[in-house]
Every structure is written in structure tokens, then in C-alpha cells.
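First comes the structure, then the notes that go with it.
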Amino acid sequence: MLGTSEISFGQISAWVLAAAAIAFAPGRVDAVTPAESVLKAQAERIAMIDRVSSAVVAVFDTQQRGGGSGVIIDEQGYGLTNYHVVAGMLDKRKGLGGLSDGKLYDLEVLGIDPVGDVAMFRLVGRETFPFADLGDSDLVRVGDTAIAMGNPFTLSDDYSPTVTLGIVTGIHRYQWGVKGNLTYTDCIQVDTSINPGNSGGPLFNGDGEVIGVNGRISVNTRGRYNVGFGYAITSNQMRRFIPALRSGLVAAHGTLQATVKLDQNRETVLAEMLPAGALSRSGAQLGDRLLSIDGVRITSPNHFASVLGTYPGSRNVRVLIERENTKTESIVRLDPIPPKMRKPYIVDQEVNDREVRRVLAAFKGSARSDDTAEPFESLKWNVHRTHFALADRDVKADQLFAARVTTEGLFLTEHSPEENETIRIFSFDGKRATQRREGEEEFDLTTDRAMVLAALDLVFKTLMKPPGDTLPGNVRHAGGDAVFFERMKDMAGDLDAKAGARYLPAREAEVITWPIGEDAQARLQFDMDSHDLLRIDLEDDPSGVRVSLDLHDYEASGVLRLPKTIIVSGPGYRYQDSLSQWRVDP
Amino acid sequence: MILHRQPRVALGARNFFLLLSLVIASFAVRAAAGGFDQAIDRLQPRVVKLYGLGAGVQAGYGSGVVVSEDGLILTVSSLLIDAKVISVVTPEGVHYTAEIVRRDEKLQLALLRMTKQKSDQNETWPADSPSFDPVAGLFPFFDLACESVASSAQSSSLQPGDWIIAAGNAFKVADGPEPVSIAHGVFSARTRLDARRRVNDFPYTGEVLIIDGITSNPGAPGSAVVNIKGEFVGMIGRLVISNQTHTHLNYAIPRSVLCNFFLQAQGEDGTNDSTRSRESHEDRIDLGIKISKTGYRTVLPYVERVKRKSLADLAGVRKDDLILSINGRNVPDVAAYKAGLNRLDPGEPIEIVIRRGRVIKTIFIETKGP
């Protein structure tokens, strides 16, 4: 804060001189020596601007007409801009991006978010690109330094950005859209000069981090120029959409299918709700108080719309509801609202496949420390403790059994505690899942258990294998999600009630959908930072049966990095396996 | 480091710039101690959002400065406060209605008083209102400190080059409990206002503070302006165009002017609309008719209000009458109605044809000579 404030004050010298010059119009002016701290702040600001301006893009269409701005956020040349900047390039999905090195690069339009007015592009033509870091826009406060860069009025001939400086003049602003699109929710308001051509360009904080993308201004009767009211989409909103945008999708925004109103105590209560909508499915009822979404306290209907507008559809949010003095926290998957578009936006499969490969390669890279052709023939783990939960009753069970995974033939073998005696053998041949006891007839597993087997089969036989050249058909990158793990039961088996929160902080994940068998689909959720596979949601289409596997506590074990806790949630039951060890049989 | 507080005296240019460099140094030090935070923290709880009458380019929203703990609000005199109900939304998002304590058309200022919370269930002061207790009086407010203004000729220590920060609800960006927008700029100069609003000259020609920053936006008039320390220095005035440069002026009415107005209003506490003097021709001959100003494109001359015991009242003109002609000339819109009135000589008898419901009536009004 100290540094950022100083930076904005450094400019006073120029203004004071100008004002004084007007006021007094002296014939000759002697040089002024400003204070050391002012010079230092100015030097720091110049250095910061110099550092980040190489990541600012002047965006044009292929005929080099028009002109918007953008910012590169990683070294592969992926960048962010406004949807309305690339809206005219959607036919070919090609454009041009000029950088401060004076060169024009080919620009590939990837995913779009018409509702949030964000789009992603990729520049090509360089090994690595200069990029700027995305900051945490939740830390932005009114009065902070706000520096905009871009190509307003297409002033720049050499593609070096125009820099304007101001302060943050409002946060958590809501600006209505046009027919549902281009809605700026929970956005940052600045008095930094934002003009036509600045659209899509970055808004930096005093440390040179991207806190937003400038895309909108308020105008009065004098024309479409800066009047001190610019709005930027926050970095934290965009971060939630980036996985979908990178993979070339049309991002949908999320809805709870509910509205709120203020009651007499000025608390937000549920006013309307679609019976089959997201919030309704979580058990909420009309008249319940909606206290918070993802820990953000909701203060008004406007605030409710503003906060929700920052979330993609099909994403999990943590909702806190109060009914008759009882608070209930639940995870609700937002329903998607497909954006209204004149022409359908067909996903470029090549772009999507590229992201699928990237995510799977990252998982493989984190799950195995070597990359030999066939690292294991079989995988073995011991379960030292199992916790079952049936409906509302907790059934504790301490069992010792071992399971064995092999890459061919038998799939899972359950041993007795004495190790040698085989109790049950589960197998899955890619289509059919069966169970067989020693000396008994084999029979088909129920759909839910069959899907669990199929999911484990997918992880161990496919995902952890060395990368192949071809992807199975219909494997798709489906954007991002938040994975909420319930706080685990401790060794005594009790919920940590005093901690209050039922869920651990959300983990940002990328989602790959993978068909299993003929009817079922797996939704694989990979941690964006560690690349661990966090959760597999499975759904059988004809029956609607759903199971999910939570994979916790990743630990390195030999050449592999594997979870030590697996929680399976099926229809009416839930069990938690704590695994004492993994063993790889070479 | 306190040199910036010294009065601006006739210094040689060289000395003046030396002084400025010290001012700069003192800014840097203050900036290190928190920048604009202090000023913003003081500003935002003391500015309210106003909602009232709007028509055409006239915004139906605005800003006001709370200047007393019992809820007096200083704002500009505009169409907004001609509304039947003036709504006030406090920084906590609590709704109040307000009444006009005083408005001055020469200064283009108005003083409002928050009256009661707007609520269907509760027509009295709410017991648990976060900002107001009618006994203790708890609105955060800017103390105009008018005594100190009156005693010193130099109304403020503000110097050209000083930062100023404004807060108001321009473009009604903020809603309900959301904090109003901030604007920052530099105080450039003190001057007298020579400006107009569209074609009419602006009646206020007194001192203003010119701001290097954009404040001339719909809804901004009535914004509070403070210095870097959060001390109240003025209020953004109505949107005007300079007669010299023909550009929109970014300016504030200084605290000294606001004080004079405030003290006068306090002196005649309770009198409503006491010094209201309309500049329009309508009042050259005061019939006591107020014409509705709302409408789309063609504004029909509907009677919005008739002053009790006025000439029009005594002659039988009533609210909601549509005026069709004056002394034989048709008046198809408000402009024609005003022109018609304008043509009248004092003392000339008036024949007005009105439509009331489905009935056409002719009304004779006797006017007195000058």
C-alpha cells in the first residue's frame, strides 16, 4: 500500500507546475528539485510500467482495422481481452496482435464469454511471450492506484501501449448489460482515463499485477469518451472462466434459479425459486434467509445479482442458508444460462483437444515421477480403516483388507486380514463389472459400484499410463469448477463441529469429461495447481444413478504420487477408505 | 513540512516554485501515511443518494452532503427536488423521505431535511435504524464550521495543486447500501463563475473552485468535496457550460458560499420555499399556476398545482386542468403557454380556455396592475 500510494502522488509535480504556470505565467522557470521520495516513487512506477507494457497487446482484425487492447497472461501467448473486441473476428477466429516490440503477431480467438464480455486469445509466432501476472482483485480497495494500458483511439503506430493513471473509485459495482450480454458484475470502477480502444486492455495495480480488464465507461451527453467513470472486469471473475476460455468454449454464466428480496430486518430472503432449479435442489425453501455465497455476505438483491454474475454455470458454490435460526451450508451446482448469440459458436475441437492433452499430461507428470514405458504391472494398497455412513446413521467399521490392481486380468481383489485368503474378486472388462466370491457364481455389480470400478480402471489403466498419441473420442475439456471437500472425520470419527465450516476451502479444478462404457460419463476434476485428480463424478445416463469419488491426501510412494484417502458417495451411502500404503509391483 | 499551510502571498516566481517543491515533499510524506484512504473514509459515510423528479436529460437522481447530525442535507437546487417525494438513501442503504427547508435560485442551492424512513410497515423513526436516533441524532455529517469561515477572509487553506477528492452518485452507479463513487483531481484555481445552462445564463456568478478532474456528470451535483485530509472544502455545483470556453466546467461551490446559505436557512428555520424566486417568465405575472414538467417530446401544459388563494385559484383553475388557449391563442405545449404568459401586460385581463376531463371551460382572470 505504501508503495502504491506514493506512486500516484508522484505525478503531482507535473500538475502543480501546469497549474502554477497558468496562474502566474512566469517568463522563465528555474528547475525544481522534487523530494527524494517522490523521485523514487516515480522511478519505481516507470520501471513497473516498462516491465508490464511488453505484455499489453494492440488487438486488430486481420485487415488491421478497428482496434482494441488485450493482455498476455502466460508465456505461451494466451491472453485476455473483451468479447466485444473479438466479436467481429468470430467468423475466421483470426486477428492480429501488436506488441511493444513493434511487431504484429497472428492472433487466434479461443473461448468467449459474451455475458461477462471476456474472450481469450493466443498469440503465435514466438517461442515465449512476455506476460503479466493476474492479481487478486479481492484485495483492491477504493483509493488504490489504477493504471490502464492499451491502444485508445489507436494512437500507437509502433504498438507500444498508452498509459493512463488514476485511482479505484468504486468496487463491487454492477453495470447492466445489453439483452443479457456484456454485463459487468462486481466490477472495479476507476477514474483512470478509459477511452474507445482501451477495451480489453489490462488494469494494473501499483505493483503491476492485472486486477482487471477495462471494457466499459459511463458517458454523458458529450460523446463516447472518458468522463472519469471506467469499469473493469475483475481478475478473480476471469480466473474462474479461464479454463473454459482456454479450451475454446462459449462460457455460460451460472444461476441459482432464485431471487431474493429484503425483509423487514433488511436481510436477504428467498423471494422466488424455480422448483427444479439449483438452489431448490439443495433443499432451500422460499422465505429462507440467504446469508452468503462462497463466504461473501449478501447485503441486497443487487449485491446478490452482482456476486452471482461472477460465476460460470455448472460450477459449485457454497451457499449458507438460515431457517428458524438454523444455519445450513450446502454446495450447490449453479445452473448454466447459455448466452444469447446470433450465430452458434462451434467449438474448435483442435483447441479443445490441446487443453485435454495439457491437463492429462500435467496429471501424469504429477502422478508419476518417471516416464518408463510400463512402470507397474500391478498396484496394491492396504486399507487400514473404513468408515461407512448409511443414510443418516454412521456405521463405523475397522477392517483390514488389501486390494490389488493389475493392468490386466483381475481388477480388484479383496483379501481377508490374514492376507492370504481371498474374499472377493471384482473385475471390469471395459463393459461389464462383476463380483465373485471364492467358490461362488459371479454376478453383475449394481450400476453405482460398477461405475466406481470403471472409474478406477480409467485412472490406473489409462490416465497413469505413458501418454498415447490419440485421445479416445468424445473426451472433452469442459472448463473449470470448484471442488469442495467436506471436512473429514478425525480419528475418533467425529465431525469437527467446532470448526464451524463444513467444507474445506474450495480448490480450483479443470474438468475433463470422459465417456465410460456406453451410457455413463465421468467428470474428472484436476487441481489447477497440483494437477492431482481431486474428484470423479460419475453419472449413468439411462438410470440417473450418480456416484462420486473424492481423492484426498496425495502422497508420494515410490515413483507414484497417489491419494491416501478415497471417499465414495453413492445413492444412500458413503464410505471413506483410509489407505495405509500403496505398493507397486514391478 | 507544514509550509503548505502558509497563506499564498505575493512571492516571486522562483520562491513560489521553491515553496511548491516543499509542498510536493509534504504530499509524498502524507501519501506514505495512507494516500487517499483518510479522505475517502471520511467522505463516503457523509454523502447520501437522492432520487426525485427527472425529465429528458435531467437526471432523476443526485447527491447530497449531510451537514448536521439531525439529517440536514445540502444539495443543488434542481428539478430533482421538485418531486412530490424526495427520496434519500443513506450510506447504510436506509431510505428516508426529505422535505425542502430552503432553496435559493440565485445560488442554485437547496437545504433538505430527512423526515422519515420510507417504509410501508413503519411510518415512524425506526428504533433500530443504524444511522439515526431521533433523540441523540446520529447521522455522520460534515461540520461546515461556518464560524471559522466568517472570521477569516481566507476561507480555506486550499492551494492550487492540492489534491481534492469528491464523492457522489454520478450515473447512479451505487445502489442501496453501496458506497458512492469517488473522483480525484487537483484544485486548479479560484474564480468567479460565468456560465450558462444550455441557453440560459447560470444565475450564480460567485466564487467557485475549479477542479482538474472530471466532475461534470449527471448525478454528480451535490457531491461533497474534501481535501487530502478529508476536510470539507466544497460541493459540486450544477452542470454548467463556461461562457468563455464553451466547455463543461468542473467546479465546486466553496464552503464559504455554502455557509452563508446554510446560516440564512438556519436563521429562518421552518420557512419553506421562502426565497424562491423563479427566473422564468411564468412568474412575471404570478397567476399561481404550476405547470407539470413531465412529458415526452411535447409537454402539454397540464396544471400540476395551483397556489392557494392565488389569482388562478380564485378564478377557478384546478389541478390537472389542461390549458388550451390564453387570450385567444392556442397553447399546444408548455413553451407556447409560457410565451402566451410572456405576451401579457400587467393588468391585462386574461381569458384562459381549459379542458377538465371532458369539459371545456373558459376562465377569466383579473390581474392587478404593476
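Chain letters run A, B, ... following the sequence lines, proteins first and then strands; every chain starts at 1. All values below were derived from every heavy atom in this structure, side-chain atoms included, with hydrogens, water molecules and symmetry-related copies excluded. Everything numeric in this text was worked out from a predicted model, so none of it was measured.
Distance CD1/B/I182 to CD1/A/I171: 11.0 Å, rounded to 0.5 Å. The line from CD1 of A/I217 to CZ of B/F171 is 9.0 Å long, rounded to the nearest 0.5 Å. With rounding to the nearest 0.5 Å, the separation of OG1 in A/T192 from NE2 in B/H184 is 7.5 Å. Rounded to the nearest 0.5 angstrom, B/I214 CD1 and A/N220 CG are separated by 8.5 Å. We find the OG1-CG distance between B/T215 and A/D191 to be 11.5 Å, quoted to the nearest 0.5 Å.
The contact between B/A174 and chain A is made by backbone and side chain atoms together, counting heavy-atom distances below 4.5 Å. Residue A/V190 does not touch chain B at all, counting heavy-atom pairs closer than 4.5 Å. Neither the backbone nor the side chain of B/A59 has a heavy atom closer than 4.5 Å to any heavy atom of chain A. Both the backbone and the side chain of B/S216 come within contact range of chain A, judged by heavy atoms closer than 4.5 Å. Looking at A/Q175, the atoms closer than 4.5 Å to chain B (heavy atoms on both sides) all sit in the side chain, from C-beta outward.
The backbone N or O of A/N302 sits nowhere less than 3.5 Å from a side-chain atom of B/D175 that would complete a donor-acceptor pair.
A/R173 places a side-chain heavy atom less than 4.5 Å from the side chain of B/S181.
When the candidates A/L262, A/V142, A/V168, A/V227 are compared by the number of heavy-atom contacts under 4.5 Å with chain B, A/V227 comes out ahead.
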